[in-house]
2 protein chains.
Amino acid sequence: MERKTANECTADQQLPALGIDPYLELMDKTTAQDADRKSIRMGLVMLWLSDNILDVMDVDLAPFGITESKLDMLLLLMLHEGRELITPSAIADRLGIRRASVTALLDWLEKRGWVSREQSAKDRRMIHVRITPEGRALVNQVLPTFWSTCASLLDDLDAEERKVFEKILSKLYQSIEKKVGVGR
Amino acid sequence: MERKTANECTADQQLPALGIDPYLELMDKTTAQDADRKSIRMGLVMLWLSDNILDVMDVDLAPFGITESKLDMLLLLMLHEGRELITPSAIADRLGIRRASVTALLDWLEKRGWVSREQSAKDRRMIHVRITPEGRALVNQVLPTFWSTCASLLDDLDAEERKVFEKILSKLYQSIEKKVGVGR
DNA sequence: CCAAATAGTTAGATTATCTAACTATGACTA
DNA sequence: TAGTCATAGTTAGATAATCTAACTATTTGG
C-alpha cells in the first residue's frame with residue numbers, strides 16, 4: 001500500500017524484506033554445531049513470520065485510520081465498560097507500556113473523540129478513562145476485519161495441521177510468556 | 001530490561017502486554033460465525049507471539065548496541081562480500097524499505113565505522129557499500145546470540161512437534177509471503 | 001503539618017519508517 | 001550536440017511508538 005510508488009522497488013526481488021535464504025546461507029557459513037541448525041532455521045522462519053504477520057495486520061487496519069497499539073487501547077477500554085473504572089496507570093500496566101506513553105496514546109484518541117478522560121472525585125490525582133460511543137462504533141467497525149485477518153493467517157493449513165498447530169501454539173505461547181515475563 | 005524501573009509496572013499482571021484473554025472475551029461477545037472462532041483464537045495467539053518474539057530478539061540484541069534492522073543490513077552486506085558490489089538502491093529493494101531509509105541506516109552504521117561508502121568510478125551516481133572489518137567483527141560477535149535466540153524459540157517443543165511444526169512453518173511462510181507480496 | 005508516595009503530564013530523545021523535493025549524473029533522442 | 005528524461009542518492013520534514021527524567025498536583029501517614 002505504501003511501499004509501491006512509481007519509481008521505487010525496481011529489483012528482481014521475490015522475497016519481501018530480506019527473506020530468510022540469505023540468513024540460512026550465513027548460518028551455514030558461521031555455525032558449527034550441526035545439531036542446532038534445524039532449530040535455528042525454524043527460528044529464523046518464525047522471526048520472519050513475526051515481522052510479516054504484524055505488517056499484514058498493519059496494512060489491514062490502515063484503512064480505518066488506526067494502528068494496532070491504538071486498537072489495543074480501545075479494546076481494553078471496551079472490555080472495561082461496566083466494570084471498575086480504569087486509570088492511565090492501570091492501562092500502562094495492562095498494555096505493558098509506560099505511563100507517559102499512555103498519555104500520548106490517550107491524547108491522540110481523545111482528540112478524535114474516541115476516548116474521554118474524567119478526573120476522579122474521590123482521589124483527584126486519578127483520571128477515569130472511558131471509550132466513547134464513537135470509539136465503540138469505530139471498534140465495532142474494525143473488528144470484523146481484525147478477526148478475519150487473524151483467521152486468515154491459517155488459511156492454508158488443513159484441518160489436521162490446524163489441530164496439531166493448536167497444541168504447538170499453546171506451547172509456544174507459554175514458552176515465550178515465560179521468557180518475556182522473566183525479570184518483571 | 002528497559003521495562004522495569006523502580007516505580008513502574010505495579011499491577012497484578014501475569015501476562016505481558018495485553019495478553020490474549022481479553023481479546024478472546026471480546027471475540028466471544030462480538031463474533032457470530034461460530035465456525036471461525038478457533039481460527040481467530042489461533043490467529044490471535046500468532047499475533048501475540050509475533051509481537052513478543054520480536055521483543056525477545058530486541059532484548060537479546062540490545063547488549064550489543066544493535067537492533068534487528070541494523071543487523072539485517074550488516075548481514076546483507078556480509079553476504080555480499082566477494083560478490084558484485086551492492087548499492088543503496090539494491091539494499092533498499094532487498095530489505096524492502098525506501099532509499100531514504102537506507103541512507104539513514106547507513107549514516108548511523110558508517111558513523112560507528114561498521115560500513116563504508118565509496119562512489120563508483122564507472123557511474124558516479126552510484127555508491128558502493130561495504131561492511132568494514134570492524135562491522136564484520138561485530139556481526140561475528142552478535143551471531144552466536146542471534147542463532148541461539150532463534151533456536152531457543154523452539155525450546156519447549158519435543159522432537160515430534162518440531163517435525164510437524166517444520167511443515168506448518170513452511171506453509172505459513174508461503175502463505176504470508178503471498179499476502180505480503182500482493183501488489184508489488 | 002510536613003515528608004513521602006502516587007497519578008498524571010510534560011519535555012526531550014530514539015528508532016524506524018515514510019513522502020516529496022532536490023542534486024548530481026548518465027543516457028537517449030531529435 | 002543540446003535537451004529532455006531517468007536514475008542514484010541525499011535532504012528535509014513528518015509520523016508512530018516507544019523510552020527516561022523531571023515536574024505538578026494530590027493524598028497519606030506519621
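Values in this document were obtained by computation on a predicted structure and should not be read as measured data.
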Asker: What is the distance, rounded to the nearest whole Å, between atom CG of A/Leu106 and atom P of D/dA16?
Answerer: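 About 15 Å, once rounded to whole Å.
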Asker: Give a yes/no on whether any side-chain N or O of B/Arg98 is located under 4.0 angstrom from OP1 or OP2 of C/dT19.
Answerer: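 Checking C/dT19 against B/Arg98, a side-chain N or O does come within under 4.0 Å of OP1 or OP2.
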Asker: Could you tell me how far apart A/Ile86 (CD1) and C/dA7 (C1') are, to the nearest whole angstrom?
Answerer: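 Distance check: A/Ile86 CD1 to C/dA7 C1' gives 14 Å.
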Asker: Please tell me which of the listed nucleotides, C/dT10, D/dG9, C/dT17, lies nearest to the side chain of A/Thr103?
Answerer: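 Closest nucleotide to the A/Thr103 side chain: C/dT10.
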Asker: Using atom CG of B/Asp107 as one end and atom P of C/dT14 as the other, report the distance to the nearest whole Å.
Answerer: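 One finds 15 Å between P of C/dT14 and CG of B/Asp107, rounded.
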Asker: Out of B/Ser89, B/Ser120, B/Pro88, which residue meets the side-chain contact (heavy atoms from CB on, under 4.5 Å) rule with B/Ile127?
Answerer: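 Single pass found, and it is B/Pro88.
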Asker: Please name the pair of heavy atoms, one in A/Thr132 and one in A/Ser116, separated by the smallest distance, quoted to 0.1 Å.
Answerer: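 Of all heavy-atom pairs spanning A/Thr132 and A/Ser116, the closest is CG2-N, 3.9 Å.
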Asker: Between A/Ala121 and B/Val102, which residue's closest nucleotide on DNA chain D lies nearer the 5′ terminus?
Answerer: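 Comparing both residues, the 5'-ward one is B/Val102.
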Asker: Could you report the tightest heavy-atom contact between B/Leu153 and A/Leu172, atom names first, then the distance?
Answerer: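 Heavy atoms of B/Leu153 and A/Leu172 come nearest at O-CD2, 3.5 Å.
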Asker: Within the structure provided, determine whether B/Phe146 and B/Ile66 are in side-chain contact (heavy-atom separation under 4.5 Å).
Answerer: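 No; the side chains remain at least 4.5 Å from each other.
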Asker: Just to be sure I understand the rule, does B/Ser69 reach a base, reach only the sugar-phosphate, or reach nothing, if contact means heavy atoms closer than 4.0 Å?
Answerer: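 Counting heavy atoms under 4.0 Å across all strands, the contact made by B/Ser69 is with sugar-phosphate only.
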Asker: Please output the side-chain donor-acceptor pairs of residues 158-165 of chain A that fall under 3.5 Å, not counting sequence neighbours, one pair per line with the distance.
Answerer:
from: A/Asp158; atom 1: OD1; to: A/Glu160; atom 2: N; distance (Å): 3.1
from: A/Asp158; atom 1: OD1; to: A/Glu161; atom 2: N; distance (Å): 2.9
from: A/Glu161; atom 1: OE1; to: A/Asp158; atom 2: N; distance (Å): 2.9
from: A/Glu161; atom 1: OE1; to: B/Lys171; atom 2: NZ; distance (Å): 3.1
from: A/Glu161; atom 1: OE2; to: B/Lys171; atom 2: NZ; distance (Å): 3.4
from: A/Arg162; atom 1: NE; to: A/Leu157; atom 2: O; distance (Å): 3.0
from: A/Arg162; atom 1: NH1; to: B/Ser39; atom 2: OG; distance (Å): 2.8
from: A/Arg162; atom 1: NH2; to: A/Leu154; atom 2: O; distance (Å): 3.0
from: A/Arg162; atom 1: NH2; to: A/Leu157; atom 2: O; distance (Å): 3.3

Asker: May I have the distance from A/Glu68 (atom CD) to D/dT15 (atom P), rounded to whole angstrom?
Answerer: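 Answer to the nearest Å: 22 Å.
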Asker: For A/Arg99 and D/dA25, give me the distance from atom CZ to atom P, rounded to whole Å.
Answerer: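 Roughly 17 Å, once rounded to whole Å.
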Asker: Is any side-chain N or O of B/Arg124 under 3.5 Å from a base N or O of C/dT25, one able to act as donor and the other as acceptor?
Answerer: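 Not at all, since no donor on one side and acceptor on the other fall under 3.5 Å apart.
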Asker: To the nearest Å, how far apart are B/Met126 CE and D/dT7 P?
Answerer: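 Spelled out: CE on B/Met126 to P on D/dT7 is 12 Å.
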Asker: Nearest whole Å is fine: how far is D/dA8 C1' from B/Leu85 CG?
Answerer: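 Rounded to whole Å, this separation is 15 Å.
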Asker: With a non-hydrogen cut-off below 4.0 angstrom, is B/Thr67 in contact with a base, only sugar-phosphate, or nothing?
Answerer: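 If one applies the 4.0 Å heavy-atom cut-off, B/Thr67 turns out to touch the sugar-phosphate alone, with no base involved.
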Asker: Determine: side-chain N/O of B/Lys70 to OP1/OP2 of C/dA16, distance under 4.0 Å, yes or no.
Answerer: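 True: B/Lys70 side-chain N/O within range (under 4.0 Å) of C/dA16 OP1/OP2.
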Asker: Mind calculating the distance between CG (B/Asp58) and C1' (C/dT14) to the nearest angstrom?
Answerer: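 Interatomic distance, CG of B/Asp58 to C1' of C/dT14: 13 Å.
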Asker: Once hydrogens and angles are ignored, does a donor-acceptor distance under 3.5 Å link the base of C/dG26 to the side chain of B/Arg125?
Answerer: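 Check fails, no donor-acceptor contact within cut-off.
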Asker: Between B/Ser101 and C/dT17, is there a side-chain N or O to OP1/OP2 distance below 4.0 Å?
Answerer: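 Result: no.
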Asker: Of B/Asp123 and A/Trp108, whose closest DNA chain D nucleotide lies nearer the 5' terminus?
Answerer: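 Closest to the 5' end, via its nearest nucleotide, is B/Asp123.
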Asker: Check the phosphate of C/dG8 against A/Arg117, side-chain N and O only, distance under 4.0 Å to OP1 or OP2. Yes or no?
Answerer: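 No, because none of the side-chain N or O atoms of A/Arg117 sits under 4.0 Å from OP1 or OP2 of C/dG8.
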